[in-house]
Amino acid sequence: MTAPIVTRFAPSPTGFLHIGGARTALFNWLYARGRGGKMLLRIEDTDRERSTEPAIGAILDGLKWLGIDWDGDTVYQFARAQRHREVAEQLLAEGKAYYCYASADELKEMREKARAEGKSKLYDGRWRERAASEAPSGIKPTIRLKAPLDGETVIEDQVQGRVVWKNENLDDLVLLRGDGNPTYMLAVVVDDHDMGVTHVIRGDDHLINAARQKQIYEALGWTIPSMSHIPLIHGPDGSKLSKRHGALGVDAYRAMGYVPEALRNYLVRLGWSHGDQEIFSTEEMIKDFDLPAIGRSAARFDFAKLENLNGHYIRHADDQSLVTMFEDVLSYVPNGGDVKAKLNDTTRAQLRQAMPQLKERAKTLIELIDSSYFIFADRPLVMEPKAAALLTPETRILIGKLRSALEAVTEWSAATTEAATRAFAEETGVKLGAVAQPLRVALTGKTTSPGIFDVLAVLGRQECLARLADQASV
RNA sequence: GCUCCCUUCGUCUAGCGGUUAGGACGUCGCCCUCUCACGGCGAAAACAGCGGUUCGAUUCCGCUAGGGAGCACCA
């Protein structure tokens with residue numbers, strides 16, 4: 001029996017949960033859930049300057065919205081600083097780390113020298129073998145790892161393959177700062193170890209950190225977890241994802257009317273594939289997801305594909321849950337309050353009735369809201385410019401005549417109104433389209449809508465006749 | 001500059017020595033049709049370049065070019 005899988009998502013709370021972080025979380029979650037393992041959550045808040053409480057809230061909220069849950073209590077890294085210090089002291093006592101008294105100026109000088117010489121090793125190890133008695137006064141020392149001087153550090157990465165660094169290129173990293181606080185490098189290693197993490201899955205911006213962290217693992221005599229460094233997501237132009245592109249918080253995607261299922265499906269297929277399959281239910285992605293199938297090249301973020309997927313999930317959602325999503329999202333979208341104010345038992349029932357038609361046409365919940373305008377609109381309707389253009393003196397007369405024809409319909413339904421309208425068109429000698437378009441405009445204020453007879457049915461006889469009267473002339 | 005990673009249609013990708021290089025999004029036609037969608041059918045569209053290895057390279061190796069990440073007492 002193999003040891004249970006433990007993954008973790010470890011965001012630093014310096015901002016919202018961005019799309020790249022969401023994908024990392026998703027991958028960790030899928031891997032754990034597909035193998036009966038656990039996914040842990042650790043907030044890396046050791047940067048006291050930049051970590052904020054609202055950011056923590058935004059990250060938790062984003063994960064929750066995406067449907068990603070985690071096991072056990074959330075670990076806050078800062079709270080574990082004492083443990084990190086102990087490990088640093090232990091390394092010091094064992095002679096695997098040392099005090100470094102180099103000043104900021106010295107460090108800067110070393111960096112500049114290294115760069116000038118074309119070397120990547122920034123710190124020259126000058127305090128590595130010096131006695132503490134030589135320590136200058138007035139400088140609080142850092143604790144540095146006594147990293148191996150020669151040989152290689154090798155990471156067998158599940159995504160990147162075997163990656164090798166020459167140890168001569170890696171310098172003695174700082175474990176504990178002068179102020180006694182641990183560095184990220186130390187904290188991550190200690191926390192992952194203490195939390196029993198077996199698989200580290202994170203962005204490949206951490207790839208080089210894996211090498212340095214491995215040196216810490218080795219100094220400590222701990223087993224290094226399985227490593228997987230997934231490629232970053234780029235903007236549509238191939239450059240680093242910026243706010244201008246899609247590096248938005250997941251809350252922004254919610255506000256744009258995307259549904260979590262679609263975003264998850266989009267994200268899982270970004271860099272990962274399973275043959276030719278495009279659509280994955282949650283169960284399927286959990287079952288099929290695997291690390292070696294992740295590609296090694298960065299993927300560009302493509303809103304068009306996300307939108308297509310979103311449309312797919314909206315079309316396939318059942319009508320009642322769509323009504324619920326519709327209502328829920330109103331709190332997050334611009335002017336959502338206006339529609340919310342109009343929601344009552346009647347309009348809710350109309351929305352539900354129209355949903356089979358509406359959902360065929362919407363790629364986002366925003367479009368769903370827009371296209372449902374005719375249900376919530378007050379008379380007289382606000383006309384879109386293209387719709388207003390269709391209301392000529394001629395069509396207004398036509399609307400008036402059609403209204404009279406429809407007034408005769410007593411059993412009001414899509415079928416009866418369609419029959420009446422078709423008969424009217426035939427009698428008048430015009431094509432159905434020539435009647436349907438003005439009718440649509442008068443009833444919805446738009447040039448596009450669900451099938452017009454469905455609109456008639458949803459709105460009901462009285463409201464339809466009134467709206468037609470609003471636009472008709474005799 | 002240094003270290004490391006990457007490179008198949010516009011985009012996401014399949015491919016793991018021999019394929020008419022497949023799928024999806026997007027684009028463009030046609031059909032359906034009261035509009036818009038949906039759906040159906042079809043089209044255009046890719047192995048970065050150059051050298052090897054091999055009977056044979058998209059596939060293996062090297063170089064070049066291009067892209068990316070990292071280079072803190074940040075995470």
Side-chain angles (χ1 to χ4, degrees), chain A residues 10-14 44-47 49-51 77 100 102 104 107-108 111 114-123 140-144 155 157 159-161 163-166 169-171 173-185 187-188 203-211 229 231-232 234 236 238-240 266 269-279 295-309 311 315 357-363 367 371 418 421-422 425 431-441 444 446-453:
Chain A
S12 45
T14 54
E44 308 213 317
D45 55 352
T46 53
D47 185 344
E49 301 282 305
R50 298 194 299 153
S51 298
Q77 192 162 59
C100 168
L107 257 16
K108 192 180 172 212
R111 272 198 291 274
R115 202 182 178 96
E117 292 173 352
K119 301 267 175 58
S120 64
K121 190 164 174 167
L122 266 20
Y123 175 74
K140 287 206 188 293
T142 60
I143 295 180
R144 284 184 186 266
I155 295 292
D157 193 283
V159 174
Q160 304 290 335
V163 188
V164 182
W165 286 268
K166 288 192 176 69
N169 290 325
L170 269 15
D171 59 12
L173 66 266
V174 173
L175 298 171
L176 207 65
R177 299 188 184 104
D179 66 4
N181 284 317
T183 59
Y184 163 78
M185 223 57 88
V188 166
D204 72 6
D205 50 336
H206 285 289
L207 185 55
I208 201 160
N209 292 338
H229 288 87
L232 268 17
H234 285 177
S239 64
K240 190 178 176 177
Y266 178 70
R269 279 285 289 102
L270 209 54
W272 175 80
S273 61
H274 184 68
D276 282 339
Q277 190 172 348
E278 297 286 346
I279 304 292
R296 281 182 294 272
S297 57
R300 299 183 188 202
F301 195 89
D302 182 10
F303 271 101
K305 189 145 187 173
L306 204 210
E307 199 155 271
N308 171 271
L309 242 15
R315 283 196 296 282
Q357 294 279 322
L358 292 173
K359 70 182 182 184
E360 286 294 320
R361 280 154 248 266
K363 291 196 291 291
E367 290 182 9
S371 63
E418 174 164 3
T421 307
R422 284 187 185 277
K431 287 188 174 178
L432 182 61
V435 181
Q437 254 335 63
L439 179 58
R440 169 170 289 111
V441 165
T444 69
K446 296 172 189 280
T447 52
T448 64
S449 82
I452 194 59
F453 305 113

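Chain naming here is simple, since letters A, B, ... match the order of the sequence lines and numbering starts at 1 in each.
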Please classify the nucleic acid contact of [X] as base, sugar-phosphate, or nothing, using heavy-atom distances under 4.0 Å.
| X | result |
| --- | --- |
| A:Val164 | sugar-phosphate |
| A:Ala102 | base |
| A:Thr421 | nothing |
| A:Leu232 | sugar-phosphate |
| A:His229 | nothing |

To the nearest Å, give me how far apart [atom1] ([X]) and [atom2] ([N]) are.
| X | N | atom1 | atom2 | answer |
| --- | --- | --- | --- | --- |
| A:Glu49 | B:rA75 | CD | P | 11 Å |
| A:Leu122 | B:rG1 | CG | C1' | 12 Å |
| A:Arg300 | B:rG10 | CZ | P | 11 Å |
| A:Asn209 | B:rC71 | CG | P | 7 Å |
| A:Ile155 | B:rC5 | CD1 | P | 12 Å |
| A:Asp204 | B:rG68 | CG | C1' | 8 Å |
| A:Tyr184 | B:rA75 | OH | P | 9 Å |
| A:Glu360 | B:rC38 | CD | C1' | 5 Å |

Any strand is fair game: report the nucleotide pairing with [N] by Watson-Crick or G-U wobble, both distances under 3.5 Å, or none.
| N | answer |
| --- | --- |
| B:rG39 | B:rC31 |
| B:rA21 | none |
| B:rC71 | B:rG1 |
| B:rC16 | none |
| B:rA48 | B:rU64 |

Nearest 0.5 Å, what's the [atom1]-[atom2] distance between [X] and [Y]?
| X | Y | atom1 | atom2 | value |
| --- | --- | --- | --- | --- |
| A:Leu432 | A:Arg422 | CG | CZ | 4.5 Å |
| A:Ile208 | A:Leu170 | CD1 | CG | 6.5 Å |
| A:Arg50 | A:Ser12 | CZ | OG | 6.5 Å |

[N], OP1 or OP2 - any side-chain N/O from [X] closer than 4.0 Å?
| X | N | value |
| --- | --- | --- |
| A:Ser273 | B:rA14 | yes |
| A:Arg296 | B:rU8 | no |
| A:Arg144 | B:rC73 | yes |

Nearest-nucleotide 5' precedence on RNA chain B, A:Pro182 against A:Ser120 |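 Result: A:Ser120.
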Comparing A:Trp272 and A:Asp179 on RNA chain B - which has the more 5′ nearest nucleotide =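 Here A:Trp272 is the residue nearer the 5' end.
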Pick the [atom1] atom in [N] and in [M], then give their distance to the nearest Å.
| N | M | atom1 | result |
| --- | --- | --- | --- |
| B:rU13 | B:rA69 | C1' | 22 Å |
| B:rG15 | B:rA75 | P | 39 Å |
| B:rU58 | B:rU19 | P | 9 Å |
| B:rG40 | B:rU64 | P | 49 Å |
| B:rA21 | B:rU27 | P | 27 Å |
| B:rA46 | B:rG10 | C1' | 10 Å |
| B:rG52 | B:rA57 | P | 11 Å |
| B:rC36 | B:rC32 | P | 14 Å |

Quick check: does any side chain N or O of A:Glu360 sit under 3.5 Å from a backbone N or O of A:Arg315, one acting as donor and the other as acceptor?
->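 No; judged by distance alone, with no hydrogens or angles, the pair does not exist.
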Looking only at the side chain of [X] (C-beta and beyond, no hydrogens), which of the listed nucleotides [options] gets closest?
| X | options | value |
| --- | --- | --- |
| A:Asn169 | B:rA72, B:rU3, B:rG39 | B:rU3 |
| A:Ser12 | B:rU13, B:rA75, B:rC73 | B:rA75 |
| A:Asp205 | B:rC4, B:rG70, B:rC73 | B:rG70 |

For A:Lys363, look at atom NZ and say whether over 12 heavy atoms of other residues, nucleotides or ligands are found less than 6.0 Å away.
->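 Atom NZ in A:Lys363 is not crowded, with 12 or fewer foreign heavy atoms closer than 6.0 Å.
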Has A:Glu49 got more than 12 heavy atoms of other residues, nucleotides or ligands less than 6.0 Å from its CD?
->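 Atom CD in A:Glu49 is not crowded, with 12 or fewer foreign heavy atoms closer than 6.0 Å.
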Salt bridge check: are A:Arg361 and A:Glu367 linked by an N-O gap of less than 4.0 Å?
->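 So A:Arg361 does not pair with A:Glu367 through a salt bridge.
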Would you please classify the geometry between the A:His274 ring and the A:Trp272 ring as parallel, tilted or perpendicular, with 30° and 60° separating the classes?
->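 Judged by the thresholds at 30° and 60°, the geometry between A:Trp272 and A:His274 is parallel.
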5' to 3', nucleotides 18-36 of chain B under a 4.0 Å protein heavy-atom cut-off (B base, S sugar-phosphate only, - none) gives ----BBBSS-------BBB
When the ring centroid of A:Tyr266 is compared with that of A:Phe303, is the distance short of 6.0 Å?
->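 Centroid separation for A:Tyr266 and A:Phe303: 6.0 Å or greater.
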Return the set of residues passing ring pair (Phe, Tyr, Trp, His ring centres under 6.0 Å) with A:Tyr184 (not counting sequence neighbours), or none when no residue passes.
->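 Here the qualifying residues are A:His206.
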